[in-house]
Structure formats: structure tokens, C-alpha cells
Amino acid sequence: MLKLASWNVNSLKIRLEQVLDWMDKTNIDILALQETKTIDDNFPVAAFTERGYQLCFAGQKTFNGVAIISRQPLANIITDIPDLDDPQRRILASTIAGVRLINLYVPNGSEVNSEKYLYKLNWLEKVSAFIANELREHEHLAVVGDFNIAPEDCDVHDPAAWEGSVLVSPPEREAFARLLSYGLKDSFRLFPQEARQFSWWDYRALGFRRNRGLRIDHVLLTQSLVDCCLSSKIDKDARRAERPSDHAPVWVELDILP
DNA sequence: ATGGTGGTCTTACCA
């Protein structure tokens with residue numbers, strides 16, 4: 001059994017104890033983090049290596065930042081991709097236990113047609129091309145992270161209120177669908193799920209208490225991993241913690257040896 | 001109820 005998780009922690013410095021507690025509780029094998037918000041020199045390496053994990057990370061000051069924490073060795077690490085000269089640290093890929101893992105912190109996009117939105121769409125285009133290329137080389141591949149896209153209306157607490165907005169706009173959903181067209185599957189939808197399950201809730205206006213959320217954090221799997229995927233869940237409990245991230249962790253159990 | 005909270009080498013910005 002291999003447990004693979006993704007979590008936007010919104011500052012690893014603030015959330016380190018929560019992350020360590022959650023890893024202990026769930027006995028996770030591989031954890032992909034987004035929004036670590038720390039430069040590499042300040043990454044809390046020892047906290048993870050003391051627990052028997054290995055890690056890789058790509059950070060910057062104040063914003064963004066991605067990391068992969070793994071019980072197994074991390075090979076073939078990539079932080080930058082062709083045709084995207086981007087100082088923002090949002091991409092981290094590594095091969096672990098025969099699985100190619102691509103960890104993404106997709107840009108938020110701010111508002112439809114804003115400069116940040118256009119950056120998001122271009123970023124998604126270049127990353128899609130990179131993933132298409134990776135799929136040619138790796139049979140067992142997972143794309144995980146904060147996609148900042150709610151793929152379907154059932155992933156949105158109030159689809160009418162959100163219609164056309166950033167995170168749900170048709171061009172963003174088309175970019176997500178393009179990944180599925182490569183044969184990747186949204187692991188969450190492989191299983192029967194209760195309605196109104198989300199992975200992110202705005203800190204403001206009692207968003208979590210009222211379950212006014214979106215499902216924007218995803219684990220996409222190639223068919224070979226779908227075939228051994230036993231479950232796909234969102235751990236809403238982590239969002240109930242004191243001083244939580246605005247995102248909950250999402251994770252899959254794969255019936256392969258770690 | 002068109003606001004609100006939380007994070008950052010903050011006093012503006014990002015989400």
C-alpha cells in the first residue's frame with residue numbers, strides 16, 4: 001500500500017507541526033506540498049529527515065513554493081520546464097518507487113482576463129505540453145496539487161454565483177479537460193462520493209463553517225495507477241484544526257509497494 | 001450581509 005497526498009499548506013513555517021502531526025496520523029508515504037512560502041535555505045529539512053523521509057523542494061521568498069516529502073528516494077527531479085521561463089516556484093517533478101510524480105501549484109488567476117489570468121492560461125498550456133511529454137516516457141504517472149480549477153459544477157458550492165468566475169471559467173476548465181484527454185483520470189471521481197465535498201474554503205465570511213467551498217485540489221492518475229487505486233479522499237478534518245490552511249489535504253491509496 | 005480572514009522579512013499584496 002502506498003499513500004500519496006497533496007496539500008496546499010499556505011506557509012509551511014506556520015503549519016509545520018500540523019503537517020508533521022498529519023503525516024504521523026495518516027502514515028503517508030509521499031506528500032506533495034504547495035505554497036510553502038519559504039526560501040530553500042529556510043526549509044525545515046531536519047523535521048522530515050528525522051522521521052525517515054527524504055525530500056526535494058523549490059521555494060522562493062514570500063510566495064508560492066513546492067515540495068515533495070517521501071519515504072522512498074527521489075530521482076530525476078525537475079523544477080523548470082521547456083518554454084516557460086518563470087521565476088515563480090510552482091513545479092516540482094520526481095520519480096519515486098517507479099511512479100513519476102508531478103506536483104503543481106497552478107496560478108490562481110485573480111480575475112478573468114486579468115494579467116494574472118492570462119499568465120495562468122499560458123502556464124497551463126506549457127505545463128500541459130510538459131505533461132504530455134512526460135506521459136510518453138512514464139507509464140505510472142500522477143499529477144497532483146492545487147490546480148486552482150473546479151472541474152465541474154458539482155465541485156462548486158454555488159455554481160450560479162460562481163459562473164464565469166476565475167477558478168471555474170470555461171478556458172480554465174478546458175485546460176483541465178485537456179489533461180484528462182491525455183488519459184489522466186480525476187481519482188476523486190473513480191469512487192462514489194458524498195455530494196458537496198470541497199478541498200478549499202475561503203477564510204472569509206465563515207466559508208468553512210457554511211461549507212462554501214470549491215474542489216480545486218486534485219490527484220490525477222494514469223490508467224495503470226487507476227487500476228490499483230483503492231480510494232481517493234479529502235481530509236476535511238485537517239481544515240477543522242486551530243489555525244488551519246484554507247485547503248484540506250487530498251490523498252489516494254494505491255495498491256502497490258512503496 | 002457585496003462584507004469578511006489569513007499569510008508575508010507586511011503597513012500592500014496575494015489568495
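Per chain, numbering begins at 1; letters A, B, ... match sequence-line order.
Rounded to whole Å, the C1' atom of dT8(B) lies 23 Å from the corresponding atom of dG3(B). To the nearest whole angstrom, the two C1' atoms, one in dT5(B) and one in dT10(B), are 15 Å apart. One P atom belongs to dT2(B), the other to dG7(B), and the distance between them is 26 Å to the nearest Å. Atom C1' of dG4(B) sits at a distance of 27 Å from the matching atom of dC9(B), rounded to the whole Å.
Remark: S11(A) pairs with no residue by the side chain to side chain donor-acceptor pair (under 3.5 Å) rule, at least two apart or across chains. D202(A) meets the side chain to side chain donor-acceptor pair (under 3.5 Å) test with R204(A); sequence neighbours excluded.
At whole-Å resolution of the value, CZ in R209(A) and C1' in dT5(B) are 14 Å apart. Here the P atom of nucleotide dT2(B) and the CG atom of D158(A) are 16 Å apart, to the nearest Å.
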Checklist entry - Can you give the dot-bracket line for DNA chain B, where a pair is Watson-Crick or G-U wobble with both atom distances under 3.5 Å, crossing pairs use [ ], and | marks a partner on another strand? => result ....((((...))))
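Judged purely by distance below 3.5 Å, without hydrogens or angles, the side chains of N64(A) and R89(A) never pair a donor atom with an acceptor atom.
Open room surrounds CD on E152(A); 12 or fewer heavy atoms of other groups in view lie less than 6.0 Å from it. Heavy-atom contacts from other residues, nucleotides or ligands closer than 6.0 Å to CG of D24(A) number more than 12.
Summarising the geometry of S187(A) relative to S232(A), their closest heavy-atom pair is OG-OG, 2.9 Å, with the distance given to 0.1 Å.
Of the possible polar contacts, one joining the S199(A) side chain to the D217(A) backbone as a donor-acceptor pair under 3.5 Å is found.
Residues from residues 169-177 of chain A placing a heavy atom under 4.0 Å of any atom in DNA chain B do not occur.
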Checklist outcome for this item: Quick tally for nucleotides 9-15 of chain B: nucleotides whose base has a protein heavy atom under 4.0 Å get B, sugar-phosphate-only ones S, the rest -, giving S----SB
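Residue R243(A) has a polar side-chain atom (N or O) positioned under 4.0 Å from OP1 or OP2 of dG7(B).
For the pair Y53(A)/I28(A), a side-chain contact is recorded, criterion being any heavy-atom separation below 4.5 Å from C-beta on.
Atom CG of N103(A) and atom CG of L33(A) lie 7.5 Å apart (nearest 0.5 Å).
Screening F188(A), W123(A), F176(A), W200(A) against F147(A) for a ring pair (Phe, Tyr, Trp, His ring centres under 6.0 Å) leaves a single residue, F176(A).
At the heavy-atom level, R210(A) lies under 4.0 Å from base atoms of the strands shown.
For residues 154-165 of chain A, the set of pairs meeting the side chain to side chain donor-acceptor pair (under 3.5 Å) definition, not counting sequence neighbours, comprises D155(A)-R189(A), D155(A)-R215(A), H157(A)-W162(A).
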